[in-house]
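In what follows, a single structure is set out as structure tokens and then discussed.
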Amino acid sequence: MTFTPFTAKMDLGAELAEELNIEEVFSFTVAGHTVSVDESTVVSVIITVVMTVLALFLTRGLKVEGPISKRQALLETLYLKFEDFFKGMMEPSAYRYIPWLMSVALFIGVSNIIGIFGLKPPTKSMQVTAVMALTSIVLIEYAGIRAKGIGGRIKAFAKPIWIITPINILELFTKPLSLCMRLFGNVLAAFTIMELIKIATKHLPLIPVLPSLYFDIFDGILQAYIFVFLTAIYIKEAVEIPEEEPKKEKKTKKRKKA
């Protein structure tokens with residue numbers, strides 16, 4: 001009697017659990033409290049630093065007048081394409097938030113596909129996706145207050161009829177939760193599937209290449225698109241001022257002069 005299949009199953013589960021675990025990288029003490037820094041935080045900082053340095057390098061020496069370089073022409077083309085995409089779904093008063101949406105899309109996209117470089121995607125950590133979702137909702141509410149004022153934003157919860165006010169208020173909590181869970185669940189699922197494929201085919205390194213094109217690259221970019229798309233829709237709803245029914249003009253009688 002042999003226990004090879006059972007042993008293989010245990011090894012597979014142990015390796016997968018090890019890959020899914022978010023380990024502590026280092027910790028330090030501040031005022032008697034221990035602050036722990038895990039892998040997701042470190043990788044997020046690395047991505048932010050690399051993207052910042054790359055942005056500074058790519059935008060160096062840009063011209064406003066005269067002939068431009070191929071690099072600047074490519075950057076302007078990409079920027080205008082993304083800008084037109086967001087302008088097609090948002091109100092003119094919300095165009096100021098497009099650069100922020102682009103930055104978030106780049107960060108999430110790079111975070112989701114970082115697994116192909118051997119790093120664990122920070123977006124598979126609940127704390128990262130929760131903070132990003134909370135940041136988005138804060139921006140959405142800020143946009144709504146800026147466009148309508150505090151009173152107008154509060155009145156918007158009673159639209160289109162007052163009876164659904166509790167549901168509209170509930171959306172303040174369901175929107176960030178849906179953004180967080182959707183991003184976290186999809187990234188974690190894709191990461192888990194890819195790790196299972198890699199572990200099961202460790203002696204056949206070429207097999208995971210094709211699944212990686214979908215789960216690591218396509219799905220990662222798709223989730224970034226969905227996140228910023230929903231955020232853009234929520235911003236549009238927050239700043240949109242519904243058209244009021246035209247008021248009936250009161251007829252005034254002119255008094256005749258005696």
Side-chain angles (χ1 to χ4, degrees), residues 44-45 47-65 68-114 121-123 128-150 152-153 156 159 171-172 174-184 186-187 217-243:
S44 297
V45 172
I47 292 173
T48 303
V49 171
V50 171
M51 289 179 61
T52 302
V53 172
L54 187 61
L56 292 174
F57 173 76
L58 292 176
T59 56
R60 184 181 59 180
L62 298 184
K63 297 180 180 179
V64 178
E65 299 179 350
I68 61 176
S69 63
K70 294 181 179 180
R71 169 172 55 88
Q72 182 173 346
L74 177 60
L75 290 174
E76 290 182 359
T77 301
L78 292 175
Y79 181 85
L80 291 175
K81 290 290 184 183
F82 282 106
E83 187 181 48
D84 290 340
F85 167 77
F86 286 111
K87 282 183 176 181
M89 69 175 73
M90 300 176 71
E91 296 291 324
S93 59
Y95 289 170
R96 65 176 68 243
Y97 308 110
I98 291 178
W100 185 87
L101 291 170
M102 291 184 185
S103 301
V104 171
L106 286 173
F107 177 79
I108 296 178
V110 174
S111 297
N112 290 348
I113 67 177
I114 200 69
T123 42
V128 174
T129 56
V131 169
M132 296 188 65
L134 184 61
T135 304
S136 294
I137 295 303
V138 170
L139 177 67
I140 291 167
E141 293 306 313
Y142 167 79
I145 293 173
R146 181 183 176 87
K148 302 176 182 179
I150 297 178
R153 183 56 180 158
K159 301 293 184 178
E171 285 185 352
L172 289 176
T174 58
K175 283 180 179 179
L177 182 61
S178 65
L179 285 173
C180 169
M181 296 305 295
R182 181 182 288 105
L183 180 60
F184 169 75
N186 282 282
V187 172
I217 301 177
F218 176 76
D219 186 66
I221 296 174
L222 178 63
Q223 296 310 317
Y225 164 79
I226 293 174
F227 188 94
V228 295
F229 175 81
L230 291 176
T231 303
I233 294 297
Y234 294 154
I235 292 176
K236 176 186 176 182
E237 293 175 352
V239 304
E240 192 174 25
I241 300 177
E243 296 181 0

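Heavy-atom basis, side chains included; hydrogens, waters and symmetry copies ignored.
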Between [X] and [Y], what is the shortest heavy-atom contact and its length?
X      : Y      : answer
Ala238 : Lys148 : O-CE, 3.0 Å
Pro122 : Ile114 : CD-CG2, 4.1 Å
Val239 : Gly144 : CG1-N, 4.3 Å
Ala143 : Ile235 : CB-CG2, 4.2 Å
Lys236 : Glu91  : CE-OE2, 3.9 Å
Pro99  : Tyr79  : CG-OH, 4.1 Å

Which value, rounded to the nearest 0.5 Å, describes the distance between [X] atom [atom1] and [Y] atom [atom2]?
X      : Y      : atom1 : atom2 : result
Arg146 : Arg153 : CZ    : CZ    : 15.0 Å
Asp84  : Leu80  : CG    : CG    : 6.5 Å
Thr231 : Leu101 : OG1   : CG    : 6.5 Å
Ser111 : Met132 : OG    : CE    : 6.5 Å
Leu58  : Gln72  : CG    : CD    : 11.5 Å
Ile47  : Leu54  : CD1   : CG    : 13.0 Å

Next on the checklist: Among Leu134, Leu179, Leu183, which residue satisfies the side-chain contact (heavy atoms from CB on, under 4.5 Å) criterion with Thr129?
Outcome noted: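 Considering Leu134, Leu179, Leu183, a side-chain contact (heavy atoms from CB on, under 4.5 Å) with Thr129 is found only for Leu183.
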
Problem set entry | Full working for side-chain contact (heavy atoms from CB on, under 4.5 Å) between Glu171 and Tyr234 | CA-CA 11 Å; Glu171 285 185 352; Tyr234 294 154; over 6 Å; no

Would you call Leu230 and Ser136 a side-chain contact if the rule is heavy atoms closer than 4.5 Å?
->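 Contact flag for Leu230/Ser136 side chains = no.
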
Should Ile108 and Val187 count as side-chain neighbours, where that means a heavy-atom distance under 4.5 Å?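 They are not in side-chain contact.
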
Report yes or no: does [X] contribute a side-chain atom to a donor-acceptor pair with the main-chain N or O of [Y] at less than 3.5 Å?
X      : Y      : answer
Lys63  : Ser69  : no
Lys175 : Ala133 : no
Arg182 : Phe227 : no

* Asked: Parallel, tilted or perpendicular: which fits the ring planes of Phe85 and Phe229, with parallel below 30° and perpendicular above 60°?
  ->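 Rings of Phe85 and Phe229: tilted, 30 to 60°.
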
query: When you look at CG of Leu56, are more than 12 heavy atoms from neighbouring residues, nucleotides or ligands closer to it than 6.0 Å?
result: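 Correct, the count exceeds 12.
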
Heavy-atom neighbours of Phe107 CZ exceed 12 at 6.0 Å: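 Correct, the count exceeds 12.
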
Subject >> With Phe218 via ring pair (Phe, Tyr, Trp, His ring centres under 6.0 Å) - residues at least two apart >> reply: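 Here the qualifying residues are Tyr214.
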
